[in-house]
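What follows is one structure encoded as structure tokens, with my remarks underneath.
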Amino acid sequence: MPSAEPSAEASPAGPSPSPADSTGDCIVITGLRKRYADAEVLRGIDLTVKRGELVGLTGRSGSGKSTLLHIMGGLDRGYEGKVSLLGQDLARLSDRELAGLRNRHIGFVFQAFHLLSHLSCLDNVLLPNAFATEPLSRREAEQRALQALERVSLADKKLSRPSELSGGQKQRVAIARALLFRPEVLLCDEPTGNLDDFTGQQIIDLFGELNRDGLTLILVTHEPRVALATTRLLQMQNGLIHRGQNGGLDGRSPAEEPSR
Amino acid sequence: MTLRQASSLLLHSLRRAPRSFALSVFGIAVGISVLGFFLALSLGMQKRVLQRIFPTDRLEVVPPKTSVDDSAIGALGAMLGGSKLLGDEMIATLRSHPDVQAVFPRMKVAFPVRGWGGERLIGRAIYTDLPIDGIDPAAVSETTSPWAFKDYVSDKNPFCTEDKNCPSGWYCSWDINKCEPPIPVIVSPTILEFYNGSFARMYGLPKISGFLAGQLRGMTATAELGKSFISRREAGKPRQRKIVLVGVSDRAQPFGLTVPLPYVKRWNAEYAGDRMAQEYSSLTVQVKPGKSITRVVELVRKLGYSIEDNGAEQAGLAVLLMTALFVLVSLSTLVVAALNVAHTFFRAIAERRHELGVMRAVGASQRDIMLLLLGEAACIGLVGGVVGLLISRLAALGIDFLSRTALPDFPFKPSSYFWFSPELLLTLLLFSVTICLLGALFPARAAAQQSPAEALTAK
């Protein structure tokens, strides 16, 4: 199994401003293994996610689904195997290149929202622009941020602090932040885990809308109703994708063969 | 991350925990204020007090001093004609040294002189014996009109029998029947300091300020050569000469009057013999700007002459030791402050782990995180440095005020004991920022190198 330790050097070409995979694959993972101390968390994952899919990743706690999501999004390195996102081999990217990829092409939504409490909703949504290698002008960035807040129906809360929002509103601000640069893929880790049923359903509906607009989504969840909203559902067990099946939303996606 | 983005994020970060920011700033400000206070005090003492009393850019070469043990050998040497004369040969040797800018010979009057005058200053004449020495007129540049500090005696001086035969301001020296202007005299600022600090207070006399010192220029008195109020000893044929104060100069001898060298040479030849007109009492050696006196001192000692010990070395050493002690105390305060900054950053980074993880997730590189945290540290250093310097400046102003109002006058009392030079202020600010950057470096590096996934999932 080839090692995929982070490369200190930048890849010769570096990530293109708008990476594209001619095959239409958004994410391609082969032979992925990940070990923490003595425990092997991922034990050889092979997975392909097509552009426009809404993939659910379920499994019991400790099955490795969050780790897999973090590795897909370039948040975790030091694995064996190969992970390609939008045609870029993540292990070959330098820290700056990987940061640029996360900034422009990947959006993240977390269970704990992770909004910065000292910033307004608008400034939270604008945060990715602060780290962009080619940042938008303040005016353009604010326009985009407002559009993103409108998309999640929170434009009227733009000056509110996160502490003034409900859980559902916080998660929608987090989604707006993830959408600022109109990414190709949205990676969500238990996005409804801290929300009540009604609010959770609103978030699931929003994901459906985003997916219909062409956004590729991968949702880590153990909630059955979220699973039902996916186009493909993958079950993880003991660091392996145990089985794949069509999700409940529609049958657009070809069924994935189980990795083992 | 552009500078504008970085500064905006920086401001947000600093505003999120104002108490922690203020505490770190306070720690640094205390250290910098103590360091700034003592460094400025040390510089001030050296520049405003010590250099006035003990100039460090010149030295006084004197004939060899013999200890008690070898005085007999010295006396024997002198008897055999081997004693070292401080004469023109030595002047030439010193002038050829690359570090020497100028050498000014000085000669003491080797016979009694007494004088009287000073009515313009205190309303009645003072009678006293006068210690007089002569110095090369080229050494003195501080004199002003009406009289230059030079030798006015010449064969061309007009013949006279009384004062009215002479040009305005000149008088008739009746013993030689020649017109002469008064002999120009300079005095040392040391005399004025001691007059103001002791004499004027003791006798209720007016103090001599810079303005009054200017007014005193042109004040005349009478000197009588070859006579003394203290001793009955007389030398040669006593004669009276008028003297005029032409300036205040640190080239003048500390206690006494200084006149142009040719006068003393002529007088010594007449009243004390030829040898006393050839041997200088000392040579003032001025070193070139930026050069140290050390190499010249070595040469002088190698040639067998001595350096007049004016206490400068010991005083300078005492100030240096005191400064070193205070700087050590201040530095230890700053080390504690830097550790405090490091501790604050470690704590803040642990508290902000999720926040930093989110920044990484939305596109911050390790370098961005490092720059952000170091930027915060630099802000603490800059604000702490400015506050610290303000505190030390205020403390210095307070002490100067107390000195002016509560302390009695004393010789060389400065208007300020401190010297806050622009270089010192800049250095301390840079030092403050550097200390904070060093304190924050390790925590910032650890935070930047942390995996984003780890940061986001940390409990």
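Keep in mind that this is a model prediction, so the values were computed, not measured. Labels below follow one simple rule: chain letters A, B, ... track the order of the sequence lines, proteins then strands, and each chain is numbered from 1.
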Is the number of heavy atoms from other residues, nucleotides or ligands under 6.0 Å of [X] [atom1] greater than 12?
{"X": "B:Arg347", "atom1": "CZ", "result": "yes"}
{"X": "B:Phe442", "atom1": "CZ", "result": "no"}
{"X": "A:Arg151", "atom1": "CZ", "result": "yes"}
{"X": "B:Phe26", "atom1": "CZ", "result": "no"}
{"X": "A:Lys170", "atom1": "NZ", "result": "yes"}

Quick one: which of [options] has the most heavy-atom pairs under 4.5 Å with chain B, could you say?
{"options": "A:Asn129, A:Thr67, A:Leu187", "result": "A:Asn129"}
{"options": "A:Pro183, A:Pro128, A:Ala112", "result": "A:Pro128"}
{"options": "A:Arg102, A:Arg138, A:Glu134", "result": "A:Arg102"}

Do [X] and [Y] come within less than 4.5 Å of each other through their side chains, counting heavy atoms only?
{"X": "A:Phe131", "Y": "B:Val362", "answer": "yes"}
{"X": "B:Gln366", "Y": "A:Leu98", "answer": "no"}
{"X": "A:Leu75", "Y": "B:Glu454", "answer": "no"}
{"X": "A:His70", "Y": "B:Thr457", "answer": "yes"}

Considering all heavy atoms of both residues, which atom of A:Arg177 and which atom of B:Val358 are nearest to each other, and what is their separation?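 For A:Arg177 versus B:Val358, the nearest heavy atoms are NH1-CG1, 3.4 Å.
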What closest approach, in Å, do B:Ala361 and A:Phe110 show between heavy atoms, and which atom pair accounts for it?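 Closest heavy-atom pair between B:Ala361 and A:Phe110: CB-CZ, 4.1 Å.
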Any ring-ring contact (aromatic ring centres under 6.0 Å, His included) pairs touching residues 352-387 of chain B, not counting sequence neighbours?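 Matches after skipping sequence neighbours: A:His114-B:His354.
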Could you list which of residues 115-123 of chain A have a heavy atom closer than 4.5 Å to any heavy atom of chain B, in residue-number order?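 At a heavy-atom separation under 4.5 Å, chain B is reached by A:Leu116, A:His118, A:Leu119, A:Asp123.
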Hey, what do you get for OG (B:Ser365) to CG (A:Asp95), rounding to the nearest 0.5 Å?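 One finds 5.5 Å between OG of B:Ser365 and CG of A:Asp95.
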